[in-house]
Amino acid sequence: MIRSPPQKYNPKKVEEKILDFWVKNDIFKKSIEQRKTNDSYVFLEGPPTANGMPHPGHVLTRVMKDLILRYQAMNGYYILRKAGWDTHGLPVEIEVEKKLGLKDKHDIEKYGLKKFNDECKKSVFKYENAWVEMTKRIGFWLDMDNPYITLKNDYIESVWWSLKQAWEKKLLYRGHKVVPYCPRCGTALSAHEVAQGYKNVEEPSIFIKFKLKDEDAYFLAWTTTPWTLISNVALAVHPNATYIKILYHGQTLILAEERAAVLLKGQEYEMLDGFSGKDLEKTEYEPLFDYAKPDKKAWYVILADFVTMEDGTGIVHIAPAFGEDDYNVGVKYGLPVVQLVNLDGTFKDEVTLWKGQFVKDADPSIIKHLEKEGFLEGTKEHTHEYPFCWRCDSPLLYYAMESWFIAMSKVQKNLVDNNDQINWYPRHIQQGRFGDFIRDVKDWALSRNRYWGTPLPIWICTDKKCKHQICVGSVDELKELSDEFPDDYDLHKPFVDELTVRCPKCNSKMKREKEVIDCWYDSGSAFFAQWHYPFENKKQFEENFPIDFISEALDQTRGWFYSLLAISTFLFERPPYKNVLTLGLVLDKDNVKMSKSKRNYVDPTIILDHEGADALRWYLLSANAPWNSTRFYEEAVRETLGKFILTLWNSYNFFTTYASLDKFDPRQDMIPINDRQLLDKWILSRFNRTVSEVRKYFETFEIHKAARVIESFLIEDFSNWYLRRSRKRLWVEEKTDDKLAGYSTMYDVFLGLSKLLAPFVPFITDEIYQNLRTGDMPESIHLCDYLQPDERHIDENLEEGMRRVRALVEVGRALRSKVGIKVRYPLSSAVIVCKKDVEVLIKDLLDLLNEEINVKHISFERDTGKFMTKTVKPNHSQLGPKYKAKVKGIVTAIEELDEHGLYEDLTTKGEVALSVVGEEIKLTIKDFKIVETEKEHIASTQTEDMILLLDTTLTPELEAEGFAREIVRRIQSMRKELDLDVEQQISTSVGISKEKQQMLKDWEDYIKGETRSQAITYEDKPTGKLVKTWDIDEVKATIGVGT
RNA sequence: GGGCCAGUAGCUUAGGUUGGUUGGAGCACCCGGCUGAUAACCGGGAGGUCAAGAGUUCAAAUCUCUUCUGGCCCA
């Protein structure tokens, strides 16, 4: 039996009830288990780090993943939804350092690695509860009881296995490379980590003069990093550029001609000489500082192609220790690597003036010093992007460091091929942002000089002669090599470093390379490591590879999306996933990216409490294309609640109120669709079309479009038209077939709509479903199948006819408002002038039009002749050019003619002859404008190819009927004010003039019926529970309502 | 400096592939109507140099180029 739910919708209460229902009845588990024998749809959860609170961006990814998975599940696919946690890496260490008050790596070692890593392990799950709660609360169905966790021994063992594969393919090497380095974290960062942290900064850039050794002249160079000048060893020029020597403010300077033209524009200088870059090679100059004691020849001009003429002076200062280009060109020329900076980013002791200072902080003081020494030519504020550490926000330094690498450049071709096989949404990322990155792939700097991470499984023999290197690929292998290996072990530091490992060649002790690995490698291994492959679950791995669908935010493009592809490419030589949906960022109300530091993000739990998960989900899913950024703020979600969720609830409430009153039973009372009204057939046609569009949009992940077609179906078609037009049908006392047809249709639509919406808004849909379902249906909507459109119920002509009728209603109402006759007053007739085929489309739907614009009778005509008068007026723009000065005379002549006769003559004879100042002029219809005017008591309007005419005559009878409706409306509003039940009977007394009483006489039954009045009495002073006096168009009426 | 995405009413946005009547909606505002759906509904009004400029074309919000602004990514 259909119940009538509470009128007010309380999102939090309903959603918590449904959550409880799911848990108590194991619905999530059942939704997976019941599809166990079906084809599977493989999903991989990108593991979040649980050591920070979830924010709106995380909510968006989780909502989107859930939507797709629910959709595919309802389509019958078997989907595992294993949760995952990313647990290693710097962010965790930083948290712990803060907590323990440790300032740097030295502090950590002093504190003890075992204790430190134990703290890290604890810290990782600090916010796990908040994450689990959020995930559940928003309705993201994820198996959080059996997650994969990157810190587990099994997981690490799988990662080691994969590294050994790389080792055996000779892809792992220890290299020397200039890498972005975080002085605070004390570790190098990989390219995709650097990519996380570019910021625009405004910094001083300076022009410096380097004095030539054998001449009283200066090279003018430019830099944005003054602190690197101390380690300067060379100046680079472009071999093919032209350089000039000039006299400027009494000094001789050398710089690129092209740059001089820009920098010294409008200033006076004297050209002394010119040469090409090549001519300058090997020219020696004097160092700015004497701190460096290079072991090789330094301080001369070298040639380099990377010198640009876009900024600076065309002369670039070279410090091989601090730049990739610098390092490479240094190798070529055999330049010394002068390294005067400690690993913590401070100057070494030999730099007496600034020793111990952080290099970037020393910039202003260095600039001052250069100025004092006369080497500074000028400064300029320069805005550019500079990389910062993605976690601790320190500015990165470029450093020549030793590190372990994976030679991704060797498999670049495979990466490109594999990328080509992936479906990217949106498409442009494939060859754009991601493709660019892959085509120019750099070797992956894998090792990290840190503590909390998967240890690099490489051991090197300590014997000076042997130096044998091994990469360990399993726990058994390590056991084999170790003197002692306990049963209770933990594959982290310091355990792995405390093992005594023997060299298989010489039996000497081996020492592990002390680094841990990039945590992006951990998460990128998830597709096999989650199964402890290849040590266990081989079958499961094979069934779940490749992955059908992954989805994360745009910032993962070169993060997780890349690390998955990279690892899968060198391990299995194939792409790891087939479809990847890249999500836009979540921005605040002012279009600014949400970040902790700006504190501009909304706490999702507040919105979940106020507006609920469904409204939150619907907003995120419908606001924008998934890959576009979406603004997020509470008012927006509140609007969604009002517009969509509550419209759904109110219309559902409307249906159930009446259906329960009539004890509508879907098992017995359903009327076959063929026996229902056109209106019913129409909404079912619209519904099935909506279903088919929704499915179409899912194919291409155009989720916003899917959501919008549903929204417009619900609001425009179903709520604002179908239900509005069906109200009267439900208002009859008896259980008529038509009323049952209405209930049947509403039942069909609500049941169908709930299924259609279930993946989007899983709570309210299950709430509705629970009320509508009959015993033979699954116990939750999430155990149902998704809908297929039923083509038999799609009726093109019916939809087109209805569209036209609605268009007529629109202009009809506008017309009434224009002529000033309220809709409440009926008019006797309307005429539609249109073609035969249009008439066929709409003739069966005219009852709707009748009621909406309140006319007694509607008929069709092919032309407007009976109602409109056609006259003609001279068309000046035609006549003007032809007759010039005579026009005035022509117009006067026309005015003297009978205007009706004129039109007749023009249409029958084709022309009229006028005599103007003795001259005969013949005019055709083209020389006139045709003007149509309505005859008396006719109003006209037009839409598309249909003209609607109204007879505006108000007879006394019509006026009486309208007045009766005025009275009804007042009584109804009083009923409402009294908060009466729908069925409650009342007694009504009316105080009104005798004349109006007479008017109402014929309509008493109507008034009684509409207002459920047992009797209507006329009294001078009406009585009742509520008595009100109304002004009805200057008529005073006092009405009393009693129960 | 390069790449990608975007810029439409006060706000949120549709349309853009396939150029073609007067650029649609919603929120907010004003006027009117309707209502036994009270976080409603219907009609009307006001609000747009479709970021700017140029080009192609009979015709450009739509295609092309340039510029500006914002976002993201890279160097």
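Below, each value reflects all heavy atoms present in this structure, side chains not excepted, and no hydrogens, waters or symmetry copies.
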Could you state the atom-to-atom distance from CH2 of Trp649(A) to P of rA40(B) in whole Å?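 Going from Trp649(A) (CH2) to rA40(B) (P), I get 18 Å.
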Take the protein atom CD1 of Ile853(A) and the nucleotide atom P of rG44(B), then report the distance between them rounded to whole Å.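 My rounded result for the distance is 14 Å.
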Regarding [X], tell me which of base, sugar-phosphate or nothing describes its non-hydrogen contacts under 4.0 Å with the strands shown.
| X | answer |
| --- | --- |
| Arg965(A) | sugar-phosphate |
| Ser719(A) | base |
| Leu554(A) | sugar-phosphate |
| Arg708(A) | sugar-phosphate |
| Leu641(A) | base |

For [N], what is the paired nucleotide under Watson-Crick or G-U wobble rules, both distances under 3.5 Å?
| N | value |
| --- | --- |
| rC11(B) | rG26(B) |
| rG20(B) | rC58(B) |
| rU38(B) | none |

If you assign each of His704(A) and Val968(A) to its closest nucleotide in RNA chain B, which residue comes earlier from the 5' end?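 In this pair, the answer is His704(A).
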Mapping Ile715(A) and Trp721(A) to their closest nucleotides on RNA chain B, which lands nearer the 5' end?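 Whichever sits nearer the 5' end wins; that is Trp721(A).
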Atom P, compared across rG43(B) and rG7(B): separation rounded to whole Å: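 It comes out at 29 Å once rounded to the nearest Å.
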rU22(B) to rC4(B) separation - C1' atoms, rounded to the nearest Å: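 About 36 Å, rounded to a whole number of Å.
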Ring geometry between Tyr562(A) and Trp444(A) (parallel below 30°, tilted from 30 to 60°, perpendicular above 60°):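 Trp444(A) and Tyr562(A): tilted rings.
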Phe750(A) and Phe718(A) aromatic ring geometry - parallel, tilted or perpendicular at 30°/60° bounds: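 Correct class here is perpendicular.
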Check this one for me: any side-chain N or O of Asn720(A) less than 4.0 Å away from OP1 or OP2 of rC42(B)?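 Yes, within the criterion.
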Looking at every heavy atom in both [X] and [Y], which two are closest together, and how far apart are they?
| X | Y | answer |
| --- | --- | --- |
| Ile853(A) | Val809(A) | CG2-O, 4.0 Å |
| Glu15(A) | Ala613(A) | OE1-N, 2.7 Å |
| Asp717(A) | Arg806(A) | OD1-NH1, 3.0 Å |

In Å and rounded to the nearest 0.5 Å, what is the CG to CG distance from Leu827(A) to Leu950(A)?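 Leu827(A) atom CG to Leu950(A) atom CG measures 6.0 Å (nearest 0.5 Å).
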Out of rU35(B), rA39(B), rC42(B), which nucleotide sits closest to the side chain of Arg638(A)?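 Ranking rU35(B), rA39(B), rC42(B) by closest atom to the Arg638(A) side chain puts rA39(B) first.
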Glu716(A) has a side chain; which of rC27(B), rA39(B), rC42(B) sits nearest to it?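 From the listed options, rC42(B) comes nearest.
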Which atoms of nucleotides 16-18 of chain B (N or O only) lie under 3.5 Å from a protein N or O atom, and what are those distances?
none

Give the intermediate values and the outcome of salt bridge (Lys or Arg N to Asp or Glu O under 4.0 Å) for residues Glu852(A) and Arg725(A). CA-CA 9 Å; Glu852(A) 284 285 319; Arg725(A) 287 316 327 149; 2.5 Å; yes
